[in-house]
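For the single chain, residues carry numbers from 1 onward in sequence order. All ligand and atom numbering here is 1-based and tracks the order in the structure. Small disclaimer: the values here were computed from a predicted structure and weren't measured.
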Amino acid sequence: MCGIMGYIGAKETQKVLTKGLGKLEYRGYDSIGIALHDGTALQYNKTEGRLQDLEEKLEQEPLTGSVGIGHTRWATHGKPSDENSHPHMDAKKEFAVVHNGIIENYLEIKRDLEEAGYTFVSETDTEVISHLFSRLYDGDMVSTIQKVVDRLEGAYALGVVSQHDPDNLYAVREASPLIIGAGDGEALISSDIPALLEHTRDIYILEDGEMAILSEENVKLLETNTGKEVSRDLFTVDWDMEQAEKNGFDHFMLKEIFEQPTALQKTMTGRLDENAKRVDFDELNWTDVQISQWNKITIVACGTAYHAGLIGKHVIEEMTRIPVDVEVASEFRYRRPIVDENTLVIVVSQSGETADTLAALRQSQHLGANVLAITNVVGSSIAREADEVILTMAGPEIAVASTKAYTTQVLSFYLLGIYLAQSKKSVSQEYREKLIDTLSHIPEQIEEILDHSKGIRYYSESIKDAKSVFFIGRGLDYAVSLEGSLKLKEISYIHSEAYAAGELKHGTLALIEEGTPMVSLITQDEVSEKMLANIKEVKARGAKVLGIAEEGNLDIWEYVDETCFIPQTLSLVTPLLNVIPLQLIAYYTSLALGNDVDKPRNLAKSVTVE
Ligand code: G6P
């Protein structure tokens, strides 16, 4: 959370920074600010609120200069306010600092600085950094950065501009993402790629423990501790601006929902071979012997990625009969997980930067496990540190509520399940072939659902004033219900719960009143009779039921108030289809309520702090 942007070059710096921050608003949006060196002094403008608020202020007091930094904040230390917004400066206004992450020992540093006479104007952890710069400045920025960093504990990505050295822009990274764009006669820093694309596709990924010195002419990467220069290959981004823009859709979320057929196709391409009826992962380096030694698989993730992991459990267990646990990363990392060299740990993360998931990865490696990452971001911390990586090909996901990242993660689990089953010969060739064939039709089946989504819009408008909305299902349908419920609460702010339908009698039935909306998934053949019995129970108590079922299941008409049909597929594969109406319900309900769909209150896209 929090987005950093920095620029040095001949373009209009204020504009480059504000435009870039607009692309980073998914990371934080409760306050925003920029600081530029105007050739004489450092000037800043910052405010509680969003980009528009800053732009209004800048219209009155524009900033000029050829070097500057900017920040969009998601509050952790201190409420959103003008004072707590970044950039933070020292009292003499010689250093401007933007920060993403958390300085864990900031109170101790703050006390020392206060004793030495420094006065603080904000409640943030970041302000200690600007005062430290002022206190420790020794005439050389590199050695001053080393001294400052030496005092800091925690996670930080920093952008720094100094009055003493306005021909350079400095960046520092320790456990928070930061990338460098190397343009022609200009250079940039940013927390994410979309903010750079307008200027350059050539980027350096700064690693933990490194700093960078950017000037108009070049970019130098150094080991922070030693000051030794590091050589790093440029990474060229191969997706374009259009992919990172709304492309005619009202919201990124809707665009991303509609991008799912393409994203899934891309995730399959080169991996799922329809002719040879095989799954190949050229990127995986496991041997059959290694695979045969795993007696347990543990999936660790947060949020939506955790829900993808729940589907992964069903799929991998079905395909390999290896027992699979799924755990949220923030729980996993603080207990003594039973993981060793015979465990495969799979971490799932869209951003590849989620702090808890990254910590779980490191802990698992420490315990001797082989760690596979399923992630969407090349060069992210999780992609770099995992032993093996499957990249989901979702492209940039901007809306906070994850959609295409989820389905590509789920698809990756199907591909992985088949891949492991090929190695272990744990299911018949015929079954594998059937599965491969079924998966290859999923993109066009999703298109079909999207083409007929009007009914879902009407349904969503009808539930917008509900006090609570419940989602029920059994087996894989229950796992998908959890995701549907999360989606709805994230962006509509309506209370929602998902229940394993068989558990209703153990508590939730008490909450059903006349008219309570209940979304019921009925796509698991083996338990569909049981589901119908559960639906009768809730109907008898007044629930208004939307049934999501496969085409041709006409029996459900008798049981539900409204229906949404998905194309027929194998029971094991239904999650890839039946989550689509649930995503649309969340979207259209949020829209009907007039909420900010892409940037829901209190939430951030990338959670890089615990
Ligand atoms: C945040 C996002 C969710 C996401 C979760 C995990 O809560 O809002 O959409 O599922 O983080 O993020 P990751 O990047 O690790 O998948």
Identity and distance of the protein heavy atom lying nearest [atom]:
atom	result
atom 12 (O) of ligand 1	Thr354 OG1, 3.3 Å
atom 7 (O) of ligand 1	Val607 CG2, 4.0 Å
atom 6 (C) of ligand 1	Cys302 O, 3.4 Å

For ligand 1, which atoms sit closer than 4.0 Å to a heavy atom of [X]?
X	result
Gln350	13 (P), 14 (O), 15 (O), 16 (O)
Thr304	10 (O)
Ala305	10 (O), 16 (O)
Ser402	9 (O)

Quiz question: by atom type and distance under 3.5 Å, do the side chains of [X] and [Y] form a donor-acceptor pair?
X	Y	answer
Thr47	Asp53	no
His251	Tyr587	yes
Ser364	Arg333	no
Thr124	Asn84	no

Original post:
Would you call Glu397 and Lys404 a salt bridge, taking side-chain N to carboxylate O under 4.0 Å as the test?
Top reply: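 Between Lys404 and Glu397 there is no salt bridge, as every charged N stays at least 4.0 Å from the carboxylate O atoms.
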
Subject >> Cationic N near anionic O, under 4.0 Å, Arg73 to Glu48 >> reply: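 A salt bridge is absent here (no side-chain N lies under 4.0 Å from a carboxylate O).
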
**OP:** With heavy atoms under 4.0 Å as the rule, classify the contact between Lys605 and ligand 1 as side chain, backbone, both or neither.
**Re:**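 The part of Lys605 near ligand 1 is the backbone, not the side chain.
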
Short N or O distance, [X] and ligand 1, threshold 3.5 Å exclusive:
X	result
Ser349	yes
Val400	yes
Gln409	no

Original post:
Among Glu483, Glu256, Gln260, which one satisfies side-chain hydrogen bond (donor to acceptor under 3.5 Å, both in side chains) with Gln583?
Top reply: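 So, applying the side-chain hydrogen bond (donor to acceptor under 3.5 Å, both in side chains) to Gln583 and each of Glu483, Glu256, Gln260, only Gln260 qualifies.
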
Original post:
Are Phe249 and Phe258 close enough that their ring centres sit under 6.0 Å apart?
Top reply: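 Centroid distance Phe249-Phe258: below 6.0 Å, so yes.
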
Original post:
Which residue from Ala308, Ala604, Ala301 reaches closest to atom 1 (C) of ligand 1 through any of its heavy atoms?
Top reply: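 It is Ala604 that holds the nearest heavy atom.
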
